[in-house]
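Everything on this sheet refers to the single structure shown next.
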Amino acid sequence: MGFFSNLTGNASELNAEDLEADFADVIYDGETVEAAFKIFRDKWVFTNKRLIVLDVQGLTGKKKEYHSIPYKSITQFLVETAGNFDSDAELKIWLSGQGEPLQYELSSGVDVVSLQKTLAKNVCK
């Protein structure tokens, strides 16, 4: 994946084993990385317990926000694929106790089928 693909936000799947070391301070004993996606500087890490959305912020990328979403708190999710005139895909995740969903815009090229399968595997247990 080249620099231009990163700028346009196309996601790529990451090697789960490589992320175990990168997320060693965040992942606890007994938790393992099952799948991960990278969108520009951000990462979505699916573990056997939760979804971790890493939002890299600032110009230097030193500031990082880890949003941890336990699968049991996800009540539903929606994956919308890109169309002919709308090239962006969309993901919405509803959490128990919240009226509005978390919304993520995904540009074309994101493997939304794989993303949906990973979510379904963990949420629909």
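The analysis underlying the following values was restricted to heavy atoms, covering all of them including side chains, and did not include hydrogens, waters or symmetry mates.
Distance check, rounded to the nearest 0.5 Å: CD1 of Ile27 to CG of Asn48 gives 9.0 Å. Between Gln76 atom CD and Ser96 atom OG the span is 11.5 Å, to the nearest 0.5 Å.
Lys121 meets the side chain to side chain contact (heavy atoms under 4.5 Å, CB included) test with Glu34; sequence neighbours excluded. Partners of Glu90 by side chain to side chain contact (heavy atoms under 4.5 Å, CB included), not counting sequence neighbours, listed by chain and number: Glu80, Lys92, Gln103, Glu105. Residues passing the side chain to side chain contact (heavy atoms under 4.5 Å, CB included) test with Leu95 are Ile69, Ser73, Ile74, Ile93, Gln98, Leu102, sequence neighbours excluded.
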Working for side-chain contact (heavy atoms from CB on, under 4.5 Å), residues Trp44 and Thr118: CA-CA 11 Å; Trp44 289 27; Thr118 304; over 6 Å; no

Checking Arg50 against Thr47 for the side-chain contact (heavy atoms from CB on, under 4.5 Å) test, could you report, in this order, the C-alpha distance in whole Å, the side-chain angles of both residues, the deciding distance, and whether it holds? CA-CA 5 Å; Arg50 61 188 163 152; Thr47 75; 3.6 Å; yes

Carefully, step by step, assess Val79 and Leu115 under the rule side-chain contact (heavy atoms from CB on, under 4.5 Å). CA-CA 9 Å; Val79 178; Leu115 185 63; 5.7 Å; no

Hey, mind stepping through Phe23 and Leu54 against side-chain contact (heavy atoms from CB on, under 4.5 Å) and telling me if it holds? CA-CA 10 Å; Phe23 281 75; Leu54 170 60; 3.8 Å; yes

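Using a 4.5 Å cut-off between side-chain heavy atoms of Ile, Leu, Val, Met, Phe, Trp and Tyr, with links allowed through other members, Val45 and Tyr66 fall into the same hydrophobic cluster.
The two residues Ser114 and Phe37 have their closest heavy-atom pair at OG-CZ, 3.6 Å. Residues Glu31 and Val26 approach most closely at OE1-O, 4.3 Å, considering heavy atoms.
The aromatic rings of Tyr71 and Phe46 lie parallel to each other, their planes meeting at an angle below 30°, with 60° marking the opposite boundary.
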